[in-house]
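A short worksheet on the structure shown next.
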Amino acid sequence: MKIVKVYIEHPLMQLNTTFDYFYSGEKDINKGIRVTVPFRSQKVIGFVDEVIDNIDVKEYEQKIGYRIKEIIGIIDEYPLINEELSSLAKWLSKMTVTPLISCLNAMLPPSLKPHSNFKKVVSQNWVRIVDEDLKKDFPRDLLLKDFKEKVGQYRYSKYKKDRKIEVYQCEKKATVQEDKIVESPFTLTEQQKKAVNTVLNTNKEVILLHGITGSGKTEVFLQLSKLIGQQDKQVLILVPEISLTPLMVKRFKERFNNIAVYNSALSAQEKYEQYCLVKENKVKIVVGTRSAVFMPFNNLGLIVIDEEHDNSYKQDSMPRYNTRDVAIERAKYHHCKVLLASATPTLESYARAAKNVYELVKLDKRINSSLPISHLIDMQNEIRKGNYIVSAPLKEAIGKRLQLNQQSILLLNRRGYTPIVKCSSCSHVATCPHCELALSYHKDENLLVCHFCGYSCPTDLTCPKCGQKMWQNYGVGTQRLEEEIHNIFPQAKIIRMDADTTRKKDAHSKILQAFENHEYDILIGTQMISKGLDFPNVTLVGIFNADSPLARNDYRSVETTFDLIVQASGRSGRSDQSGEVYVQSYDTIHYGIRLAVKQDYITFFNNEMSYRHALLYPPYAYLIAVYFLGKDDEQCKRAAQSAVDYFQAEKQIKILGPSELGRRKDEYRYRFVMKSKDKLKMIDSLWNWYNTLTINKNKINIQVDVDPYVLD
Ligand code: ADP
Ligand code: ZN
């Protein structure tokens, strides 16, 4: 008999402990496969960590002092992950302070997750030719439907009856074309050549490519991919958002045809098929978002992280990993390099490059033109003149573009019609009943919507404070901006891109394609249009409420404000026509805004670093945020407080909080923040604390965020 140690996902068990089961069946059972097991009168999916052979179960039970149950079934024939990914999962679990089983769930595609509602892999019927004569006509196996098409239903039935063919089932798989490389139509500039050579020749593991917008970074990735491919190695290209994958994929498909694409828009089956392409070494290049960093490569030659500063590289649920850290960990195993690229690198990355931990390379010239000319518009002033939404200079600039038949991009990082709806008699703000957040008015659907949980209600609600039904809209969202621009320029063709217009599959690429084809003059959108876009005919970018992200007021809010302005500005004037940018802001004095308008990264870096230094914020210290979420306010508060009491005794760790955060999705939220120069010490003491909790009977959801990107 065998004893099998199994990891189980269970909401009450937060720990990395395995459970013992015995197995008496005939099948092979190995480390790394999924099994179904009984657990507290339920049938759940588990992940095998260890198998001990030739054990007498009775003796074993006597030794441990309790009875163990038998495994119900075996799901996989072969281990789901190899040695590298298995140790990566353990590293990820430790560093993000997350149960191993949650890490495996994050690493594997939906069809392979060790999770109770995993999606089944789709199979197809194939036809195998058995008869030797018939084989001459059909040298290969064929899909059942193709075969039937070729020979017709009657002959098919007859062949089957005569046993000339056999029908069998096989997993549905994606196919790829043969290797083909199209040479670059460009000669690299001297700076680009230097960048390529540095990546290939440096002895550092990580290279930071600091290249201004439009300086030809993507061309550098393409050239490197070609060279690495020639060494028969794999390349991983990571892009921040799904909206950017079509553009990157397009540029890669123009040069290579053996590429896999991996992002959240794919169905479970499509993800599985792409995963297999990589596992079976059928593709050399993978373009994908965050989770593509876990693809089952066996011979990686390079990892590129484009727009490395982007928030979406940080996963926002457990395990809250930073893609950059995972990439660097994998690169160590594969002895390959990691190339981080951005016009606005994170302060951490640039600081490491400045200290010579990373190799720094620069592209400080645009390929086709110079950087656009930027104007900072004081909106306080404009409002006094009656220009509430669009300032006079921006209005004129848009009009000029329409005359010249050039295109404009308008960025407003707020969807909906208005972000705030107030009672006109008592000024009460309409809020979500489940979240302590204001409801936005969406004119398209004529609803009030919570942007956090999706709750919506009709607009004729009664004010809970004074009983009136008169509501007034405040502020501007993308829907209202679209309406305003349409009123000013009725002849202009406008398209809007935000979470509301991109719900359907492929909506991102359809909108961008239509804009690129110049079916529209003006593209209005949220931050999803601020980065990566390379449209030669765009010569004007307008940024609305540029200072609004400053209001978040956490340690990174100035950095994200700076990034957003610089990145969005970079969409203007990318070809030989020169570009302009108008930045509308209520605060025109703040260094973050002023330096962003000047596109002066280095001065911004030095300024911001001195603030971080003074307040001992990253990169001068490490932070870990710990959240306590639950339906019972008192319980959450007490749990947070007792954790804080536990850590108070730790030297070298400073504890901030606990503080109460607003309710979300009917859950109360408390958080404390740990701060120290020693990250591993904080991680170790968090694990020790976890171990004192054992079973979390109060069902409080504890969330740990190591190196948090946002603290709102
Ligand atoms: P980035 O990624 O830095 O924003 P891109 O790689 O998109 O910049 O380059 C900007 C534009 O310049 C693209 O249209 C690209 O095709 C073109 N380009 C890049 N490198 C060269 C080169 N060496 N010669 C001519 N054009 C180039
Ligand atoms: Zn809500």
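Just so we're clear, the structure is a prediction, and the values are computed from it rather than from any experiment.
Between the side chains of Q584 and N545, not a single donor N or O lies within less than 3.5 Å of an accepting N or O. Residues T213 and R571 bring no donor and acceptor atom of their side chains to less than 3.5 Å of each other. For the residue pair Q407 / T539, no side-chain donor-acceptor distance below 3.5 Å is found, with atom types taken as modelled. In summary, the side chains of T603 and D600 do present a donor paired with an acceptor at a separation below 3.5 Å, with no hydrogens or angles considered. Checked by atom type, the side-chain pair Q652/S676 shows no donor-acceptor distance below 3.5 Å. Side-chain contact, D547 with H590: no donor N or O sits under 3.5 Å from an acceptor N or O. For the 3.5 Å distance criterion, the side chains of T346 and H309 fail to qualify, holding no donor opposite an acceptor. Side-chain contact of N299 with N281: a donor-acceptor pair under 3.5 Å is absent, judged by distance alone. Between Y582 and E580, the side chains place a donor N or O and an acceptor N or O closer than 3.5 Å (distance only, hydrogens not considered). When only modelled atom types and interatomic distance are considered, E273 and Q269 share a side-chain donor-acceptor pair under 3.5 Å.
Between K217 and G211 the shortest heavy-atom distance is NZ-O, 2.9 Å. When all heavy atoms of V286 and A292 are compared, the pair lying nearest together is CG1-CB, 4.5 Å. Between A327 and V338 the shortest heavy-atom distance is O-CG2, 3.8 Å. Nearest heavy-atom pair, L340 versus Y358, reported as atom, atom and distance to 0.1 Å: CD1-CE1, 3.7 Å. Considering every non-hydrogen atom in both V283 and N258, the closest pair reads CB-O, 3.4 Å. When all heavy atoms of K271 and P110 are compared, the closest pair comes out as CD-CD, 3.6 Å.
For the pair S93 (side chain) and A89 (backbone), a donor-acceptor distance under 3.5 Å is absent. Under the 3.5 Å distance criterion, the side-chain polar atoms of S569 are matched with a main-chain donor or acceptor of I565. Between the side chain of R366 and the backbone N or O of G573 there is at least one donor-acceptor pair closer than 3.5 Å. Side-chain atoms of S509 come within 3.5 Å of backbone N or O of D506 as a donor-acceptor pair.
One finds a salt bridge joining E308 and R324 here, because a Lys/Arg side-chain nitrogen approaches an Asp/Glu carboxylate oxygen to under 4.0 Å. Looking at K284 and D232, a side-chain N of the basic residue comes within less than 4.0 Å of a carboxylate O on the acidic one, giving a salt bridge. Here R255 pairs with E219 in a salt bridge; the nearest charged N to carboxylate O distance falls below 4.0 Å.
In this structure, F562 and L595 have side chains that are in contact, with non-hydrogen atoms separated by less than 4.5 Å. Side-chain contact between L363 and L209 is present, with at least one heavy-atom pair separated by less than 4.5 Å. Counting only heavy atoms from C-beta outward, the side chains of L540 and Q406 never approach each other to under 4.5 Å. In this structure, the side chains of V558 and Y591 come closer than 4.5 Å at one or more pairs of heavy atoms. V235 has its side chain out of reach of I303: every pair of non-hydrogen atoms, C-beta onward, lies at least 4.5 Å apart. Under the 4.5 Å side-chain criterion, counting only non-hydrogen atoms from C-beta, T189 is in contact with I367. Residues L347 and P618 form no side-chain contact, since every pair of their non-hydrogen atoms from C-beta on lies 4.5 Å or further apart. Residues L236 and V304 fail the side-chain proximity criterion, which asks for heavy atoms closer than 4.5 Å.
Y709 carries R556 over the face of its six-membered ring, with the cationic atom under 6.0 Å from the centre and within 45° of the normal. Under a cutoff of 6.0 Å and an axis angle of 45°, K598 and F604 do not form a cation-pi pair.
Separating the CD atom in E329 from the OG atom in S87 is a distance of 8.0 Å, to the nearest 0.5 Å. For the atom pair CD1 (I305) and CD1 (I328), the distance works out to 7.0 Å, reported to the nearest 0.5 Å. N607 CG to R612 CZ: the interatomic distance, rounded to the nearest 0.5 Å, is 12.0 Å. Between the CG atom of N537 and the OG atom of S575 there is a distance of 7.5 Å, given to the nearest 0.5 Å. Taking OG1 from T218 and CD from Q223, the interatomic distance works out to 12.0 Å, rounded to the nearest 0.5 Å. To the nearest 0.5 Å, atom CG of residue L564 and atom CD of residue Q567 are 8.5 Å apart.
Counting heavy atoms of neighbouring residues, nucleotides and ligands inside a 6.0 Å radius, atom NZ of K314 exceeds 12 of them. The environment of CD in E83 is sparse: at most 12 heavy-atom neighbours from other residues, nucleotides or ligands sit within 6.0 Å.
In this structure, Y350 has its ring center closer than 6.0 angstrom to the ring center of Y601. Between F515 and Y520, the distance from one ring center to the other does not fall under 6.0 angstrom.
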Given ring-ring contact (aromatic ring centres under 6.0 Å, His included), test Y321 with F294 step by step and report yes or no. CA-CA 12 Å; Y321 63 88; F294 297 116; 5.1 Å; yes

Go through V206 and K337 one step at a time and tell me if the side-chain contact (heavy atoms from CB on, under 4.5 Å) criterion holds. CA-CA 6 Å; V206 184; K337 287 170 187 159; over 6 Å; no

Test H334 against E84 for side-chain hydrogen bond (donor to acceptor under 3.5 Å, both in side chains), laying out the working first. CA-CA 9 Å; H334 289 272; E84 187 222 345; 3.0 Å; yes

Where do L100 and K90 land on the side-chain contact (heavy atoms from CB on, under 4.5 Å) test, with the steps shown first? CA-CA 6 Å; L100 189 89; K90 289 193 172 142; 3.7 Å; yes

For side-chain contact (heavy atoms from CB on, under 4.5 Å), just list the numbers for T96 and M318, CA-CA rounded to whole Å, side-chain angles, deciding distance to a tenth of an Å, and then say yes or no. CA-CA 8 Å; T96 59; M318 299 264 272; over 6 Å; no

The test is side-chain contact (heavy atoms from CB on, under 4.5 Å); show your working for H210 and L360 and say whether it passes. CA-CA 7 Å; H210 180 212; L360 180 65; 4.2 Å; yes

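Every residue was checked against the side-chain hydrogen bond (donor to acceptor under 3.5 Å, both in side chains) condition with R251, not counting sequence neighbours, and none meets it.
Among residue pairs with one or both ends in residues 508-526, those qualifying as salt bridge (Lys or Arg N to Asp or Glu O under 4.0 Å) are K250-E516; sequence neighbours excluded. Counting only residues at least two apart or on different chains, the salt bridge (Lys or Arg N to Asp or Glu O under 4.0 Å) pairs with a member in residues 350-362 are K204-E359.
Checking each of K279, E280, Q274 against L277 for a side chain to side chain contact (heavy atoms under 4.5 Å, CB included) leaves exactly one that passes, namely Q274.
Aromatic ring orientation, H613 versus Y620: perpendicular (interplanar angle above 60°, classes split at 30° and 60°).
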